Enquirer: 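One structure is given below, represented as structure tokens, and several questions about it will come after.
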2 protein chains.
Amino acid sequence: MRLTSKGRYAVMALVDLARFNGINPVSLRDISLRQGISLDYLEQIFSKLRKKEIVQSVRGTQGGYILNKKAKEIKLTNIFDAVDEKVKTVQCKKESKKGCNGKSTKCLTHNLWDELETHINNFFDKKSLDDLVKENFERRL
Amino acid sequence: MRLTSKGRYAVMALVDLARFNGINPVSLRDISLRQGISLDYLEQIFSKLRKKEIVQSVRGTQGGYILNKKAKEIKLTNIFDAVDEKVKTVQCKKESKKGCNGKSTKCLTHNLWDELETHINNFFDKKSLDDLVKENFERRL
DNA sequence: TATAAACCTGACCAAAATAGTCAAGTATCA
DNA sequence: TGATACTTGACTATTTTGGTCAGGTTTATA
């Protein structure tokens, strides 16, 4: 089981954005420099975040991104969803008519992974971007 | 984030083994047939399980494997540990002297992954092999 | 004691996913 | 009109995964 860095970068970038979120949009270039994430990669990530309406883009000089909702309303689940970072457990549905392993029943661990998914998602559902900003900078927005 | 099937197979095989655990050892061949897991792959997995003393092997004709502890005492954490299925989150320690991303401080999500790891491990610490056997076969061993 | 069942080990490999890079735009503000 | 910044899509090297394959060793039993 691994957590990929795409999800991690997305969260880092958004915490950074949330922190500097104000009157002016924040450019990806600034985020790239502060967080040490390649600009090209950030663009990929923010493209997805924009499509899921987590951020808004502002084009042109002095453009950049702003949060589309309050930091408190953006849950980590939303972020991971946006960048296709899901908790993928068992792919028991490949041959849809059969159960796992091509047998006629569910595999012995089927329910286990379902429970785990729920467990993890609960964790991410509770955490908001605002929580992370507070934890890191010890101040309210 | 993904869960690999090695961990899943290990759990499946052990649930099967726990169910048929009795006077005679259970052969990998039987497990392979019942669970639809390749024999070669099972051997790799059981080699690791044996090293971590989760199972014992019995050689020779009529040989096979038996559980080394009571099913109730084998937690899923132990199983995943044995097959190197860990919750790997951030590898912030690559350049050990620096923080994440080569910066001097921890990355903004460092604590988050720590918390998540704890959260997931709590889940696996609570679940025992015996729980899974009961869930699947609705009877006590 | 021969033999077959079963364990044991390590090397090897194809496919998929990851973690990006690169190139070529388009939009918009100053 | 030029600079800045977003936008998109193709491409790719590396790593991981999910196994297979070959060649053993051990031991119960016929």
Side-chain angles (χ1 to χ4, degrees), chain A residues 1-13 17 23-33 35-52 54-66 68 80 83-91 94 100-101, chain B residues 1-13 17 23-33 35-52 54-66 68 80 83-91 94 100-101:
Chain A
M1 190 160 78
R2 281 172 51 232
L3 298 163
T4 64
S5 68
K6 189 186 289 185
R8 180 175 143 239
Y9 285 164
V11 175
M12 283 170 65
L17 174 55
I23 297 170
N24 299 319
V26 180
S27 74
L28 292 189
R29 185 157 185 283
D30 288 348
I31 296 177
S32 166
L33 291 174
Q35 301 303 325
I37 306 168
S38 111
L39 180 58
D40 283 318
Y41 206 25
L42 274 180
E43 282 172 352
Q44 274 188 41
I45 291 170
F46 272 76
S47 170
K48 293 181 177 187
L49 293 174
R50 194 179 59 81
K51 281 175 190 158
K52 290 298 175 70
I54 291 172
V55 295
Q56 273 187 353
S57 68
V58 179
R59 293 184 151 226
T61 315
Q62 307 298 330
Y65 286 93
I66 54 175
N68 201 26
F80 289 128
V83 297
D84 303 314
E85 176 93 339
K86 289 170 197 160
V87 181
K88 281 172 273 181
T89 50
V90 184
Q91 65 284 54
K94 266 185 181 171
C100 320
N101 303 325
Chain B
M1 191 160 76
R2 281 172 51 231
L3 297 163
T4 65
S5 67
K6 187 183 292 184
R8 181 175 141 239
Y9 284 163
V11 175
M12 283 170 65
L17 174 56
I23 297 170
N24 299 319
V26 180
S27 75
L28 292 190
R29 185 159 185 280
D30 288 349
I31 296 178
S32 166
L33 291 174
Q35 301 302 325
I37 306 169
S38 112
L39 181 58
D40 283 318
Y41 205 27
L42 274 180
E43 282 174 352
Q44 274 188 39
I45 291 170
F46 272 76
S47 170
K48 293 182 177 184
L49 293 175
R50 194 180 59 81
K51 281 175 190 157
K52 290 297 175 72
I54 291 171
V55 296
Q56 274 186 352
S57 68
V58 179
R59 293 185 151 225
T61 314
Q62 308 299 330
Y65 285 93
I66 55 175
N68 202 24
F80 289 127
V83 298
D84 303 314
E85 176 91 343
K86 288 171 199 161
V87 180
K88 281 170 273 180
T89 50
V90 184
Q91 67 283 53
K94 267 185 180 171
C100 321
N101 304 324

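Small disclaimer: the values here were computed from a predicted structure and weren't measured. Proteins get letters first, then strands, A, B, ... in listed order; numbering begins at 1 in each.
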Enquirer: Let me know the distance between CG of Leu39(A) and P of dT4(D), rounded to the nearest Å.
Expert: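 After rounding, the gap between these two atoms is 13 Å.
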Enquirer: Looking only at heavy atoms, what is the nearest atom pair of Ser57(B) and Arg50(B), with distance?
Expert: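 Minimum heavy-atom contact is OG-CD, 3.5 Å.
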Enquirer: Using only modelled atom types and a 3.5 angstrom limit, is any donor from either the side chain of Glu43(B) or the base of dC8(C) paired with an acceptor on the other?
Expert: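 Indeed, a donor on one side and an acceptor on the other fall under 3.5 Å apart.
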Enquirer: Using atom CG of Leu42(A) as one end and atom P of dC22(C) as the other, report the distance to the nearest whole Å.
Expert: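 Distance, rounded to whole Å: 16 Å.
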Enquirer: Testing Ile31(A), Val55(A), Ile66(A), Val58(A) for side-chain contact (heavy atoms from CB on, under 4.5 Å) with Val26(A), which one passes?
Expert: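 Output: one option passes, namely Ile31(A).
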Enquirer: If you check every side-chain atom of Lys51(B), which of dT9(C), dC8(C), dC21(D) has the closest atom?
Expert: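 Looking only at side-chain atoms, Lys51(B) lies closest to dT9(C).
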Enquirer: So, is Tyr41(B) near the phosphate of dT17(D), with a side-chain N or O under 4.0 Å from OP1 or OP2?
Expert: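 So the side-chain polar atoms of Tyr41(B) never come under 4.0 Å of the phosphate oxygens OP1 or OP2 of dT17(D).
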Enquirer: If you only use heavy atoms from C-beta on, which nucleotide in dT9(C), dA3(D), dT17(D) is closest to the side chain of Thr61(A)?
Expert: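 Side chain of Thr61(A) sits closest to dA3(D).
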Enquirer: Within the pair Ser27(B) and dC7(C), is there a side-chain N or O less than 4.0 Å away from OP1 or OP2?
Expert: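 No.
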Enquirer: Once the angle between the rings of Tyr41(A) and Tyr9(A) is folded into 0 to 90°, is it parallel (under 30°), tilted (30 to 60°) or perpendicular (over 60°)?
Expert: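 If you compare the ring of Tyr41(A) with that of Tyr9(A), the planes turn out perpendicular.
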Enquirer: Mind calculating the distance between CG (Asp40(B)) and P (dA22(D)) to the nearest angstrom?
Expert: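 Rounding to the nearest Å, CG of Asp40(B) and P of dA22(D) are 10 Å apart.
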Enquirer: Take atom CD of Gln62(B) and atom C1' of dA30(D), then tell me their distance rounded to the nearest Å.
Expert: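 To the nearest whole Å, that distance equals 12 Å.
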Enquirer: Can you measure Ile66(B) atom CD1 to dC7(C) atom P for me and round it to whole angstrom units?
Expert: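 Result: 12 Å.
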Enquirer: For Ser38(A) and dG20(C), is the shortest distance between a side-chain N/O and OP1 or OP2 below 4.0 Å?
Expert: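 For dG20(C), OP1/OP2 do not have a side-chain N/O of Ser38(A) under 4.0 Å.
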Enquirer: Ignoring backbone atoms, establish whether Ser5(A) has a side-chain N or O less than 4.0 Å from OP1 or OP2 of dA19(C).
Expert: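 The answer is yes; a side-chain N or O of Ser5(A) sits under 4.0 Å from OP1 or OP2.
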Enquirer: Starting at the 5' end of DNA chain C, which residue's closest nucleotide do you reach first, Gln44(B) or Arg29(B)?
Expert: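 So the residue in question is Arg29(B).
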Enquirer: Between atom CD in Gln35(B) and atom P in dG18(D), what is the gap in whole Å?
Expert: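 Between P of dG18(D) and CD of Gln35(B): 17 Å.
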Enquirer: Give the nucleotide from the list dG20(C), dC21(D), dT21(C) with an atom nearest to the side chain of Tyr9(A).
Expert: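 My answer, after comparing the listed nucleotides, is dG20(C).
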Enquirer: Nearest whole angstrom, please: distance from the P of dT8(D) to the CZ of Phe46(A).
Expert: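 Rounding to the nearest Å, CZ of Phe46(A) and P of dT8(D) are 15 Å apart.
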Enquirer: Mind checking Tyr65(A) for me? I need base, sugar-phosphate or nothing, with any heavy atom below 4.0 Å counting as a touch.
Expert: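 Contact class for Tyr65(A): sugar-phosphate only.
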Enquirer: Side-chain N or O of Ser47(B) less than 4.0 angstrom from OP1 or OP2 on dC7(C)?
Expert: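 For dC7(C), neither OP1 nor OP2 has a side-chain N or O of Ser47(B) closer than 4.0 Å.
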Enquirer: With heavy-atom distances below 4.5 Å as the criterion, would you say the side chains of Ser47(B) and Glu43(B) are in contact?
Expert: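 Not touching, per the 4.5 Å side-chain cut-off.
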Enquirer: For dG25(C), does either OP1 or OP2 sit under 4.0 Å from a side-chain N or O belonging to Arg59(A)?
Expert: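 No.
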Enquirer: Scan Leu28(A), Val83(A), Ile54(A) and name whichever one has a side-chain contact (heavy atoms from CB on, under 4.5 Å) with Phe46(A).
Expert: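 Looking at Leu28(A), Val83(A), Ile54(A), the match for Phe46(A) under the side-chain contact (heavy atoms from CB on, under 4.5 Å) is Leu28(A).
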